[in-house]
Structures are given as structure tokens and as C-alpha cells.
Amino acid sequence: MSKSERITAPRGMPDALPSDMTLLRHLETTARRVFALCAYEEIRPPLFEDTRLFVRGIGEATDIVEKEMYTFAEGDAGDSITLRPEATASVVRAVIEHEFLKQKGFWKLYYIGPMFRKERPQAGRLRQFDQIGCEAIGSSEPLVDAESILLAARFFREIGLAGVTVKVNSIGCPTCRSAYREALRAALAPRMGELCPDCRNRFDRNVFRILDCKVPACKAVALAAPPMREHLDPDCKAHFETVLALLSQSGQTVAVDDHLVRGFDYYTRTVFELSHSALGARDAVCGGGRYDNLVAELGGPAAGCVGFAVGVVPTILALQKGQGAARPAAPAADLYLAAFSDDVRAEVFRLAERLRGEGVRVEMDYERRSLKAQMRSANKLGARYAIVIGPDEIAGGEFKLKEMATGVEQRLKAEAIAPALRAPTT
RNA sequence: GUGGGAGUAGCUCAACUGGCUAGAGCACCAGAUUGUGGCUCUGGUGGCUGCGGGUUCAAGCCCCGUCUCUCACCCCA
């Protein structure tokens with residue numbers, strides 16, 4: 001088969017290679033540790049869901065639902081299932097399905113896993129991408145909003161990413177938002193001519209999106225528009241102010257951004273985004289907010305919720321652009337066994353198995369290569385120790401354990417090798 | 001889906017206004033060193049120049065198509 005005929009990974013779905021895994025695992029283990037500090041528990045919903053879940057959750061008129069979902073017919077009945085484009089709806093579905101809120105009224109759940117959106121890939125955006133997310137389900141209290149934002153910020157601190165800015169806004173409840181929608185339309189209507197074609201389309205489709213358009217002319221118009229903040233009803237306003245006060249008291253710097261709106265229909269009140277300036281046009285590393293009506297909309301009881309999702313791809317990009325990415329790969333083995341001659345390979349193999357049974361990470365040569373080639377492999381592998389095994393060692397039952405960094409050797413019986421490796425480095 | 005840029009060895013890149021057998025560094029393999037890796041030196045493997053067509057005496061280079069990657073738009077983590 002010629003090179004051009006070879007099968008390659010689907011567009012926008014790259015392999016995570018061994019060299020990528022140190023960083024990926026760093027993010028995942030840090031997330032698990034930090035989320036545990038706030039008593040979050042892990043949940044792992046399926047990658048596919050009934051298509052209707054996303055249509056109802058994310059919103060029928062969103063781009064994701066309209067054109068970015070991987071949807072398949074399932075079974076004889078022709079049911080429609082979809083690879084999840086995000087996980088909040090899945091988590092909520094699971095909570096409802098398993099009657100969690102009847103067991104206790106408040107849950108903190110986190111997930112780590114791949115999402116799928118059929119978009120054109122660009123910097124920081126892929127078709128399959130990992131998200132790390134938290135959902136606090138069953139409370140409408142501003143304390144939970146604040147904790148959620150602080151938790152997201154803490155995650156980025158702990159992974160060693162500096163330069164993250166936190167933007168927050170309140171988009172109100174459905175009642176004050178629909179009032180604001182009309183006010184915004186009224187304010188923008190006379191200036192339609194100044195807007196870009198996309199924004200003229202947004203006017204009917206989702207007028208709030210005009211607020212975060214990147215076209216300079218639209219920005220100018222948006223700046224003059226009345227902010228949401230002035231249209232919040234008293235409850236929403238009080239909620240937002242409490243959240244801001246809690247953040248401030250916790251020493252968390254945030255920027256209130258009147259023009260921060262989020263794409264999904266389910267968001268209410270607090271919305272937030274964490275972004276990094278080293279990134280390109282797609283600079284968000286985390287997005288989230290409150291969604292007080294989703295549980296009820298999906299058939300559960302009334303239950304307020306707050307959550308966020310960290311984008312693993314942009315986070316890694318941001319780390320790589322700073323200094324935080326310098327994480328040397330851990331060696332894959334502690335000890336390399338080199339065979340001096342071919343007639344002892346079987347003995348080497350036996351010793352390797354014995355030591356693995358004693359918990360030592362052992363690698364050896366399987367290709368009958370020269371001693372020198374084997375030592376080169378040991379070095380490349382980063383193994384801390386090596387043992388050269390020949391007829392003398394087999395006959396005498398004593399092995400010379402060589403520390404690669406120093407060249408120092410010590411003579412040991414087979415049973416003493418594993419304990420010696422576990423001893424503190426000399 | 002729309003627009004810009006780019007595709008040469010495993011990787012990073014050369015190859016003059018179109019002109020000899022497409023080169024280098026790194027990596028890989030081996031030797032210098034017959035019981036020991038790194039450093040050094042020497043040698044070697046590795047290319048349908050993404051793919052298909054066209055122009056030309058001659059194409060890695062020009063033209064068309066196509067695919068892939070990439071950046072941006074829409075949207076979004």
C-alpha cells in the first residue's frame with residue numbers, strides 16, 4: 001500500500017501519543033485531587049445519548065444542535081443517538097434517571113472524557129476533544145456559584161498555568177432576560193445598518209450574541225447598548241452581587257464583562273469564562289455558569305445547578321506557550337537486563353519475570369542485538385539501573401547491578417536486586 | 001459550511017529566474033571499543049518531492065483539480 005493510500009485518523013481527531021500523556025495525566029490527576037477538595041465525586045456517563053437530550057438541553061436553534069452533532073440511527077425502531085457534544089446534559093440526565101435527588105438534595109459531580117463536535121478544526125479546537133467538568137446540582141445559592149468559579153481558578157493555579165483571567169456576568173433568569181431581549185432589540189434596531197451580516201442575522205436568532213461580536217463596528221454598537229446588568233430583576237441582581245462579593249472576599253480577582261454571553265440555552269444568571277491571553281482567537285480555557293431550569297426541563301424536580309467545563313486542548317496549548325509544559329517524561333523502566341551472549345537469553349527472560357513479580361519495572365532486549373546496542377537502549381530508555389548477564393553470572397548466581405548515572409556497580413544475589421532498587425538512591 | 005496559508009527523509013528544513021543522480025542537521029542502525037551506555041569520529045538505512053492531470057526539450061519549483069494539515073470566520077471547551 002502506498003503512503004497516500006494509508007488510512008489516517010479522522011479529521012480533527014488526533015492521537016494522544018505517549019509523549020502527550022505526561023501532560024494529559026498531569027491535568028487529570030490534578031483535577032481529581034483539586035475537585036476532591038470540594039467533595040466532588042466522579043461520574044462517567046456514556047459517550048452516546050438519545051439525540052433528544054441534546055436538542056432539549058443545548059437548544060434547538062444552536063449551531064451545535066443544528067449542524068455539529070454526530071448523529072446515528074440506532075436499532076430497528078430507528079431511534080436517534082448522538083455522540084455527546086458536551087456532558088452537562090448527560091450528567092443531569094443520569095441524576096434524574098437514578099433519582100439521585102431523592103437520595104439527597106445536593107450533589108457535586110465531575111467528569112473527564114471526550115466530546116464530539118463536527119466543526120472545522122483550528123487552533124485549540126478539535127472534533128474530538130477532552131473536557132474536564134464539574135456540576136453542582138441541587139442548589140440555587142450564590143455560595144455555590146462562587147465556589148464553582150473559585151474551583152475552576154484553583155485548578156488552573158494548581159496545574160501551574162499563570163495568566164488566566166476570570167470573566168463573569170449575569171444573564172438573569174428567563175423572565176428578566178426576555179425583557180432585556182426586547183430592550184436590546186429596541187436599542188439596536190436603529191443601528192442595524194452598522195452591523196456585520198452575521199450580526200444582522202443574530203438580531204433575530206440570538207440577539208445577545210451581537211454583544212460579543214469581534215467586528216470593530218459591531219463592538220462599537222454593542223458598547224453603546226444597554227447592559228444586562230441594568231435589566232436584572234431584584235432577585236437576580238442580588239444573587240449576582242452576592243456572588244461577586246464572595247469572590248472578592250476570597251481574594252479572587254474577576255472582571256465583570258457585560259458582553260459575556262454563553263452559547264447554550266440552558267444557562268441562567270451567573271455565567272463565567274476563564275481565558276488565557278497566549279492563546280489565539282479561541283482563548284477560553286474554561287466556560288461555565290448556572291443552569292437552574294435544566295433539571296426540570298429534562299423531567300426532574302426543580303433544582304438549581306452550577307457547572308463548568310475545562311477544555312483540555314486549549315489548556316495544554318496555553319501551558320506549552322508558557323513555561324509550564326517542561327515536564328520530562330518518566331522513564332518506562334527502572335532496570336534494563338542486557339544479555340552478554342545469546343545462550344543466556346532465556347535466563348535473562350526468567351530473571352526479568354522474577355523481578356517484575358517483585359514489583360520492578362524491567363525491560364530487556366528481544367532482538368538478539370549486541371551488548372553495546374542493549375546498553376544504548378538502556379540509556380535511551382532512561383533506566384536507572386542495568387545488569388549485564390553472561391555465563392559467569394548464571395553460573396555464580398551473582399549479578400552486578402550498575403547505576404547508569406554513576407557507573408557504580410554492586411554485586412548482588414538475585415533475591416537482593418529488588419530490595420536494592422527500592423532502597424533510597426545513593 | 002466560508003476564506004487565507006502550507007504540503008520535500010521519522011522530525012526540523014535546504015535545493016538560484018524551471019536545468020546534473022533532490023541535500024543537511026537531528027533521530028535511527030552499525031563500526032572505531034571481542035563483558036558495558038552517554039561524548040567524539042567514521043560509515044549506513046531511509047524520498048513515486050501528498051495525489052492526479054496539464055504546460056515544457058526539461059517540473060520539487062509554473063497552471064488546474066483533489067486530499068491533508070494549518071490559521072481565521074461561524075460557533076464554541
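Here is the naming used below: chain letters follow the sequence lines, and residue numbers restart at 1 for every chain.
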*Asks:* Can you tell me, in whole Å, how much space there is between the P of rC16(B) and that of rA72(B)?
*Replies:* 31 Å

*Asks:* Without decimals, in angstroms, what is the distance between M69(A) CE and rG1(B) C1'?
*Replies:* 17 Å

*Asks:* Calculate the interatomic distance between R84(A) atom CZ and rA77(B) atom P; express it in whole Å.
*Replies:* 15 Å

*Asks:* If the threshold is 4.0 Å, N to carboxylate O, is there a salt bridge linking E353(A) and R350(A)?
*Replies:* no

*Asks:* Suppose you measure atom C1' in rU56(B) against the same atom in rC63(B); what distance do you get, rounded to whole Å?
*Replies:* 12 Å

*Asks:* Search all heavy atoms of L151(A) against all heavy atoms of C38(A) and return the closest pair with its distance.
*Replies:* CD1-SG, 4.0 Å

*Asks:* Going by purine N1 to pyrimidine N3 plus the second Watson-Crick contact, or the G-U wobble pair, all under 3.5 Å, which nucleotide sits opposite rC16(B)?
*Replies:* none

*Asks:* Roughly how far apart, to the nearest Å, are rA15(B) and rG7(B) at atom P?
*Replies:* 11 Å

*Asks:* Using Watson-Crick or G-U wobble geometry with both distances below 3.5 Å, tell me the partner of rU21(B), or none.
*Replies:* none

*Asks:* Identify whether any heavy atom of G124(A) sits under 4.0 Å from a base atom; if not, whether one sits that close to sugar-phosphate; answer base, sugar-phosphate or nothing.
*Replies:* base

*Asks:* Would you kindly compare G287(A) and A123(A) by the position of their nearest RNA chain B nucleotide and give the one closer to the 5′ end?
*Replies:* A123(A)

*Asks:* In terms of heavy-atom contacts, does CZ of R368(A) have more than 12 from other residues, nucleotides or ligands at under 6.0 Å?
*Replies:* no

*Asks:* Is the Y180(A) ring parallel, tilted or perpendicular to the F208(A) ring (thresholds 30°, 60°)?
*Replies:* parallel

*Asks:* Between R125(A) (CZ) and rG1(B) (P), how many Å, whole number?
*Replies:* 13 Å

*Asks:* Does a distance-only test, which skips hydrogens and angles, find a donor-acceptor pair under 3.5 Å between the side chain of R117(A) and the base of rA77(B)?
*Replies:* yes

*Asks:* Considering every strand shown, what is the Watson-Crick or G-U wobble mate of rU66(B) when both distances are under 3.5 Å?
*Replies:* rG50(B)

*Asks:* Just how far, in rounded Å, is C1' of rC29(B) from CD of Q374(A)?
*Replies:* 15 Å

*Asks:* Given the side-chain rings of Y366(A) and F349(A), with only the six-membered ring counted for Trp, is the space between their centroids under 6.0 Å?
*Replies:* no

*Asks:* What orientation do H98(A) and F100(A) show, parallel under 30°, tilted 30 to 60°, or perpendicular over 60°?
*Replies:* tilted

*Asks:* Rounding to an integer number of angstrom, what distance separates rG44(B) and rG52(B) when you compare their C1' atoms?
*Replies:* 35 Å

*Asks:* On RNA chain B, does the nearest nucleotide to K67(A) precede the nearest nucleotide to V285(A) from the 5' side, or the other way round? Give the residue.
*Replies:* K67(A)

*Asks:* Whole Å only: how far is the CG atom of D198(A) from the P atom of rC73(B)?
*Replies:* 11 Å

*Asks:* In whole Å, what separates the C1' atom of rA6(B) from that of rC29(B)?
*Replies:* 33 Å

*Asks:* What is the distance, to the nearest angstrom, from the CD1 atom on I58(A) to the C1' atom on rC76(B)?
*Replies:* 11 Å

*Asks:* Rounding to a whole Å, what distance do you find between Q122(A):CD and rU2(B):C1'?
*Replies:* 13 Å

*Asks:* Take atom C1' in rC64(B) and the same atom in rA27(B), then report the distance between them in whole Å.
*Replies:* 38 Å

*Asks:* Under 3.5 Å between N/O atoms: give me all the protein pairs with nucleotides 30-37 of chain B, atom names plus distance.
*Replies:*
residue, atom, partner, partner atom, Å
rA30(B), OP2, R376(A), NH2, 2.8
rG35(B), O6, D392(A), OD2, 2.5
rG35(B), N1, E393(A), OE1, 2.9
rG35(B), N1, E393(A), OE2, 2.9
rG35(B), N2, V388(A), O, 3.0
rG35(B), N2, E393(A), OE2, 2.5
rU36(B), O2', K402(A), NZ, 3.4
rU36(B), O2, K402(A), NZ, 3.4
rU36(B), N3, E409(A), OE2, 3.3
rU36(B), O4, E409(A), OE2, 3.4
rG37(B), N7, K402(A), NZ, 3.2
rG37(B), O6, M404(A), O, 3.2
rG37(B), N1, M404(A), O, 2.3
rG37(B), N2, N379(A), OD1, 2.9
rG37(B), N2, M404(A), O, 3.1
rG37(B), N3, N379(A), OD1, 3.2

*Asks:* Considering every strand shown, what is the Watson-Crick or G-U wobble mate of rC29(B) when both distances are under 3.5 Å?
*Replies:* rG43(B)

*Asks:* Does R11(A) contact rU68(B) through a side-chain donor or acceptor facing the base, at a distance under 3.5 Å?
*Replies:* no

*Asks:* Hunt down the Watson-Crick or G-U wobble partner of rC76(B), both distances under 3.5 Å, from any strand shown, or write none.
*Replies:* none

*Asks:* Is there a Watson-Crick or G-U wobble partner for rC61(B) with both distances under 3.5 Å, and which nucleotide is it?
*Replies:* none

*Asks:* Under 4.0 Å between a side-chain N/O of R262(A) and OP1 or OP2 of rA77(B), yes or no?
*Replies:* yes

*Asks:* Would a line drawn from the ring center of Y266(A) to the ring center of Y291(A) be shorter than 6.0 Å?
*Replies:* yes

*Asks:* Look at all strands and tell whether A378(A) reaches a base, only sugar-phosphate, or nothing, counting heavy atoms closer than 4.0 Å.
*Replies:* nothing

*Asks:* Using a distance-only test with no angle check, is there a side-chain donor-acceptor pair under 3.5 angstrom linking S90(A) and E49(A)?
*Replies:* yes

*Asks:* Is there a Watson-Crick or G-U wobble partner for rG38(B) with both distances under 3.5 Å, and if so, which one is it?
*Replies:* none

*Asks:* Taking the same atom, P, in rA30(B) and in rG46(B), what whole-Å distance lies between them?
*Replies:* 16 Å

*Asks:* Using atom C1' of each nucleotide, how far apart are rC48(B) and rU33(B) to the nearest Å?
*Replies:* 41 Å

*Asks:* Going by the angle between their ring planes, with limits at 30° and 60°, are F35(A) and F155(A) parallel, tilted or perpendicular?
*Replies:* tilted

*Asks:* Roughly how many Å is it from CZ in R127(A) to C1' in rC69(B), rounded to a whole number?
*Replies:* 13 Å

